[in-house]
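A short write-up of the structure that comes next.
In what follows, every chain begins at residue 1, and chains take the letters A, B, ... in the order their sequences are listed. Just the heavy atoms: all of them, side chains too, but no hydrogens, waters or symmetry mates, feed the values below.
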Amino acid sequence: MSVQLSVLYFASLRDAAGRAEETVICDDADLRGLYATLQARHGFALPVEQLRVAVDGAFARWNDAPRAGSEVAFIPPVSGG
Amino acid sequence: MSVQLSVLYFASLRDAAGRAEETVICDDADLRGLYATLQARHGFALPVEQLRVAVDGAFARWNDAPRAGSEVAFIPPVSGG
Amino acid sequence: MHGFRLAAAPFDIAPLREALLDPRAGAFASFEGWVRNHHDGRAVDGLYYEAYLALAEREGDAVLAEARSRFAIVDACCVHRHGELAIGELAVWVGVSAAHRDAAFDACRYIIDEVKARVPIWKRERYADGDAGWLHPGPVADP
Amino acid sequence: MHGFRLAAAPFDIAPLREALLDPRAGAFASFEGWVRNHHDGRAVDGLYYEAYLALAEREGDAVLAEARSRFAIVDACCVHRHGELAIGELAVWVGVSAAHRDAAFDACRYIIDEVKARVPIWKRERYADGDAGWLHPGPVADP
């Protein structure tokens with residue numbers, strides 16, 4: 001079953017996707033699958049093992065199911081400070 | 001042989017001696033002996049092992065000989081910071 | 001109690017420090033990250049910090065809460081810049097007050113280490129040779 | 001290069017910090033000792049710092065020189081008050097700039113530890129119960 005959600009991109013993921021945000025119709029069973037789909041679409045260099053994932057502004061798990069209307073963010077390795 | 005020198009007192013040594021500085025005619029062979037003499041005179045509670053000694057604004061050794069005209073300071077355990 | 005804050009423009013540290021003054025506190029440790037003119041041997045002209053604002057504030061507050069529970073401190077605060085920064089500009093400020101200096105130093109170090117490791121902020125460096133790039137440290141953190 | 005200084009009156013820390021700003025420095029650590037309202041369970045009203053000025057400046061400068069040679073820092077500075085201080089007043093300030101935070105933190109900690117251990121400054125605390133006394137830590141340093 002497809003769900004519609006929005007995806008946020010930051011840093012090098014944003015550069016690769018050419019946008020900061022997009023609306024996605026998602027058929028994937030979990031957030032890991034969603035990243036794989038988008039990685040293939042945009043050619044992201046970062047493997048999923050180096051990322052974290054957040055849903056609606058809080059860290060989530062890769063095997064969580066995508067929820068309709070949610071805001072998913074893929075978090076590349078951080079470099080603040 | 002006697003030498004005349006000045007002695008500086010700080011913190012609890014100053015309280016016990018009732019003065020910050022005094023001129024002393026010294027017959028002691030070394031600075032350790034000078035402290036023993038002044039400890040007996042003023043009733044200093046601090047044993048020599050807990051003190052350091054300085055001459056003319058630089059740390060010195062207890063077995064240095066007292067020098068005429070020098071300024072000797074007995075340094076109680078410090079508590080700055 | 002003070003929290004984690006993201007700042008889009010330069011900020012004053014004097015009021016941040018003053019807010020941590022406390023008659024119970026005998027020690028205050030602070031850390032500042034400044035934009036330096038070199039990185040791994042390359043000359044740097046300036047940098048840009050991007051942040052996932054909502055999550056960064058949440059995660060930054062979590063770091064400060066952990067510091068308060070792990071160390072005997074009175075209070076702690078952290079502010080991190082985002083946007084364009086020039087060489088010498090203040091990128092991050094951490095301040096910690098405590099009764100004693102061990103806790104102040106340890107908590108200050110904990111906060112900056114955790115902020116650098118966990119808070120979703122990304123640095124893009126502009127190099128003097130015209131190149132630029134996002135810093136995404138690998139599984140082994142940079143020294 | 002900045003040195004160790006004794007101050008007979010309250011001093012501003014902003015210019016001290018600014019003097020340590022340097023384009024090569026990515027990290028700045030500072031420590032402040034404040035007069036707190038308690039010591040070993042006794043309420044404290046205020047305190048007096050006495051210093052052997054000539055030797056304190058010499059020994060403080062030696063501590064800073066050691067920090068510069070032991071740690072990869074850019075610069076360091078320390079100012080210590082003497083005279084009467086009220087609760088909450090700044091007693092000592094240490095600032096260190098460095099390329100990286102390890103050296104900044106380590107040198108800052110080294111400087112305050114050595115200043116407390118070696119520089120001839122003595123603290124006389126006035127307690128709320130009217131008592132007062134010089135602090136002369138014994139062979140085992142206070143925690």
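Heavy-atom contacts from other residues, nucleotides or ligands closer than 6.0 Å to CZ of A/Arg61 number 12 or fewer.
Expressed to the nearest 0.5 Å, how far CH2 of C/Trp134 lies from CZ of A/Arg14 amounts to 6.0 Å. With rounding to the nearest 0.5 angstrom, the CG atom of A/Leu8 is 10.0 Å from the CG atom of C/Leu55.
Heavy atoms only, all atoms of each residue included: A/Gly57 and C/Arg58 are closest at O-NH1, 3.1 Å.
Residues of residues 67-81 of chain A having a heavy atom under 4.5 Å from any heavy atom of chain C, listed by number: A/Glu71, A/Ala73, A/Ile75, A/Pro76, A/Pro77, A/Val78, A/Ser79, A/Gly80, A/Gly81.
Contacts of A/Asp15 with chain C are made by side-chain atoms alone, with heavy-atom separations under 4.5 Å and no backbone atom involved. For C/Ala51, the part lying near chain A is the backbone, with the side chain staying farther off; criterion is any non-hydrogen pair under 4.5 Å. Residue C/Tyr49 touches chain A through its side chain alone, counting heavy-atom pairs closer than 4.5 Å.
Between C/Glu59 and A/Phe59, some side-chain heavy-atom pair lies under the 4.5 Å cut-off.
Between the side chain of C/Arg124 and the backbone N or O of A/Ala11, no donor-acceptor pair lies under 3.5 Å.
Of all the listed residues (C/Glu57, C/Glu50, C/Arg118), the one sharing the greatest number of non-hydrogen pairs under 4.5 Å with chain A is C/Glu50.
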